[in-house]
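Below is one structure, written out as structure tokens; the observations come after it.
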Protein chains: 4
Amino acid sequence: MGRETIDQIFAAAVDVFAHSSFERAKMDEIAGYAGVAKGTIYYHFKSKEELFVALMNDGMEQITEFLRRRIASAEGAADQLREALEAYVTYLFRNGTFAKLLLSEVWGSTQRQHVFRARIRELVAIIEEVLAQGESEGVFRPMDKRETAVAVFGAASVTVLQEIFHRQEGGDDMEIDERIPSLVAALEALLYRGVISSRNFNG
Amino acid sequence: MGRETIDQIFAAAVDVFAHSSFERAKMDEIAGYAGVAKGTIYYHFKSKEELFVALMNDGMEQITEFLRRRIASAEGAADQLREALEAYVTYLFRNGTFAKLLLSEVWGSTQRQHVFRARIRELVAIIEEVLAQGESEGVFRPMDKRETAVAVFGAASVTVLQEIFHRQEGGDDMEIDERIPSLVAALEALLYRGVISSRNFNG
Amino acid sequence: MGRETIDQIFAAAVDVFAHSSFERAKMDEIAGYAGVAKGTIYYHFKSKEELFVALMNDGMEQITEFLRRRIASAEGAADQLREALEAYVTYLFRNGTFAKLLLSEVWGSTQRQHVFRARIRELVAIIEEVLAQGESEGVFRPMDKRETAVAVFGAASVTVLQEIFHRQEGGDDMEIDERIPSLVAALEALLYRGVISSRNFNG
Amino acid sequence: MGRETIDQIFAAAVDVFAHSSFERAKMDEIAGYAGVAKGTIYYHFKSKEELFVALMNDGMEQITEFLRRRIASAEGAADQLREALEAYVTYLFRNGTFAKLLLSEVWGSTQRQHVFRARIRELVAIIEEVLAQGESEGVFRPMDKRETAVAVFGAASVTVLQEIFHRQEGGDDMEIDERIPSLVAALEALLYRGVISSRNFNG
DNA sequence: AATGAATGAGCTTTCATTCAT
DNA sequence: TATGAATGAAAGCTCATTCAT
């Protein structure tokens, strides 16, 4: 069946692209994982590049959609940012494969990478909106919203990635979902309050 | 002479690895840029991998060294963190090439990437120390220092990278050094105070 | 219906084999042009090769038949040769597609090409007969009939082909049928009289 | 050595392109014949196409040069045409490989084939010049020189090719050089005198 | 120290052909 | 009859690496 085959390929591709990079991923391996012939991949996707892009777009759409939904469910910018953070961390954690690709396949100069950055800018824009909303609500301080949103995105992404590798390299065997709250808490604390001790805070 | 040739190769390699990734960089192109024969590279470096690792280690050492020196020049954890931030942003900005590699060549599963992550952990450890110092000084609030340091590293790195690409894609033509202060300021504001408006802040 | 589908495939195949060669023609493209599924072609023809051979045989039969009929309509070898020439040139011109295949797909070592050459020999044999007839009528000089027939075939074929490409490459926009008489005339003049000026001719 | 390797590749390529067509020729086979690794071919030629074009240009240059020299050695247009014919037939005969490529790889629509046709036009132009010369000397009749030259080229080329295949398919075992004179004679007779018997000639 | 011609494993992509429906 | 998804054997090309000079 058509859809079924494509799904198998997709799933296999995520795996393979995950533990290799785009360049080192081999179509042969993807085909093997998917349990189809190599030609079958090419019957459905014009090229390795197209397959990869389809994959990333799919992931970016999912995560964007997920974030929007979670944000919509919250009242007030402060809670929305909290939701966004948690949603983002949770999603990346559960799709570690995608998380790796997100940060590693985006900082290059191919056309594809250019497009990915545009996608990421959409993600950042969502955070930016929340920040703007909070600023106008008076609950967030005046700030450079674009830069701040980017920094938030960076802080969250790298935190998750570091944790993923930490576990992978045998550093931690706590259940993944148990680890999420503490990571989100650390990020929240940093992003909401900063590092300064409150008794030293005056402005 | 020996040293000279090696330097040429190094300089060329930085350039080439910069606009390609490790995988897409070609020894031929590096040789061309360096103005030496391909064989010459292999006379000095055992492999592409070794050349790349040498390069990255060099960069990591420089940046680590640079950070330590700048931190040492400041009094008090608050200022030290400020210095660290500025030093890191400045270095990455001026070595955009290295900045790209830093984030893109690190999230993989090759031995090399494993080693790079260890290097990055050193960098993070520096920040961590400052945070610990601040905490014990009472100037920073109690916190999960490792996670916070990672988040700080992520926020700063991605902010710089996003800015580099923004410029590269024609988005901004301000002088690079003029842009640094405002980026550092945004990061500082975020990391010191968080996003919360002070009138809403109560602990 | 059956016949209809086959005709569509045939027509499409002529087109596609025309602007590509046998090797570069793709079954996919033929199917697309024909408006049928690729499998349908294989339902009617065992292979690409078989389709191509059927096509060429069809063309060779048509041209052979056409030549014979035109020759039969003329009295005397001189007029017969004239008719043959005109018929051949006209046919090739009107089936430029076939003309290209005729000369380009024949000089190889595949079984198929071997068979085509046999077919061409039939065509040459027709000319040869006319020459023999003319010789015995005394209207043609004694000659090496086989070689001469081949030369006549070559002269006519290449002349037409060269003209087809000349037009195709934008060299001439006269109506095709207007150009035929002058080409036939030039060929006739060459083949009947040769290049020698009559005042220099003395046997 | 550089030149030596290239020569080996060239020689092998002629052979392989000869008994296959351009499309069916395999780089692996060429490499095998040449006794070098496949990569070596690509070290010297950017692509299969480039190798092939280099080959054909080489052949076309040789034959053009050969023709010009032989023509220059003759006095009067009549003898020049005779020389040209013999030179052309001889060359093709001795380079049957090239002869096949000449006629079979030229009637297509790739860029490469376009270029080859331009080359052939140069060859035809040489014949044309001789015809023009003869016409102005009064030794050749007035004629459509371009068309006639093309026809001469076609007659000679196809004649040789047909003979080459005839032998190859076991049709004749006379020494190649012994066969040339009779072929040239037949062509000469046709092109100089045409087919008409002299007693019927009154034009 | 330096060179660059030569290598060949490895990779992506193509496409005629098959076959279950 | 007709379909089109699936196949897998090729084949062109790349490029890190080697090594004789």
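Naming: A, B, ... by sequence-line order, numbering from 1 per chain.
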Give the table of side-chain donor-acceptor pairs shorter than 3.5 Å for residues 11-21 of chain B, with sequence neighbours excluded, one pair per line with atom names and distance.
residue: B:His19; atom: ND1; partner: B:Asp15; partner atom: O; Å: 3.3
residue: B:His19; atom: NE2; partner: B:Glu29; partner atom: OE2; Å: 3.1
residue: B:Ser20; atom: OG; partner: B:Val16; partner atom: O; Å: 3.4
residue: B:Ser21; atom: OG; partner: B:Arg24; partner atom: N; Å: 3.4

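With a 4.5 Å cut-off on side-chain heavy atoms, D:Lys48 and D:Leu51 do not count as touching.
Listed by chain and number, the residues in a salt bridge (charged side-chain N to carboxylate O under 4.0 Å, His left out) with C:Glu49 are C:Arg112 (sequence neighbours excluded). Not counting sequence neighbours, the partners of C:Lys38 by the salt bridge (charged side-chain N to carboxylate O under 4.0 Å, His left out) test are C:Asp28. Contacts of B:Glu169 classified as salt bridge (charged side-chain N to carboxylate O under 4.0 Å, His left out), with partners at least two apart in sequence or in another chain: A:Arg117, A:Arg121.
One interatomic measurement links the two molecules: CZ of A:Phe45 to C1' of E:dT12, which rounds to 16 Å at whole-angstrom precision. In this structure, A:Glu50 atom CD and E:dT12 atom P are separated by 15 Å, rounded to whole Å. One interatomic measurement links the two molecules: NE2 of A:His44 to C1' of F:dG4, which rounds to 10 Å at whole-angstrom precision. Across the protein-nucleic acid pair, D:Arg3 atom CZ and E:dA6 atom C1' stand 17 Å apart, rounded to whole Å. One can place CD1 of B:Ile30 at 17 Å from P of E:dG4, the figure rounded to the nearest angstrom.
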Expected string for nucleotides 15-21 of chain E under the B/S/- scheme (protein heavy atoms, under 4.0 Å, primed atoms plus P, OP1, OP2 as sugar-phosphate) is SSBB---

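In this structure, C:Thr40 and A:Thr40 both approach DNA chain F, and ranking their closest nucleotides by distance from the 5' end singles out C:Thr40. Closest-nucleotide positions on DNA chain F for A:Ile41 and C:Ala37 were compared, and the one nearer the 5' end corresponds to C:Ala37.
Distances shorter than 4.0 Å separate some side-chain N or O of C:Thr5 from OP1 or OP2 on F:dA2.
Side chain of D:Glu105 to backbone of D:Phe22: a donor-acceptor contact under 3.5 angstrom is found.
In terms of heavy atoms, B:Ile164 sits closest to B:Gly96 at CD1-CA, 3.6 Å. Minimum heavy-atom separation, C:Ser47 to C:Tyr42: CA-CE2, 4.0 Å.
Scanning DNA chain E for stems, defined as runs of 3 or more consecutive Watson-Crick or G-U wobble pairs whose donor-acceptor distances all fall under 3.5 Å, gives the following ranges: E:2-21 with F:2-21.
Of the N and O atoms on the side chains of C:Asn57 and C:Glu61, not one donor lies less than 3.5 Å from an acceptor on the other residue.
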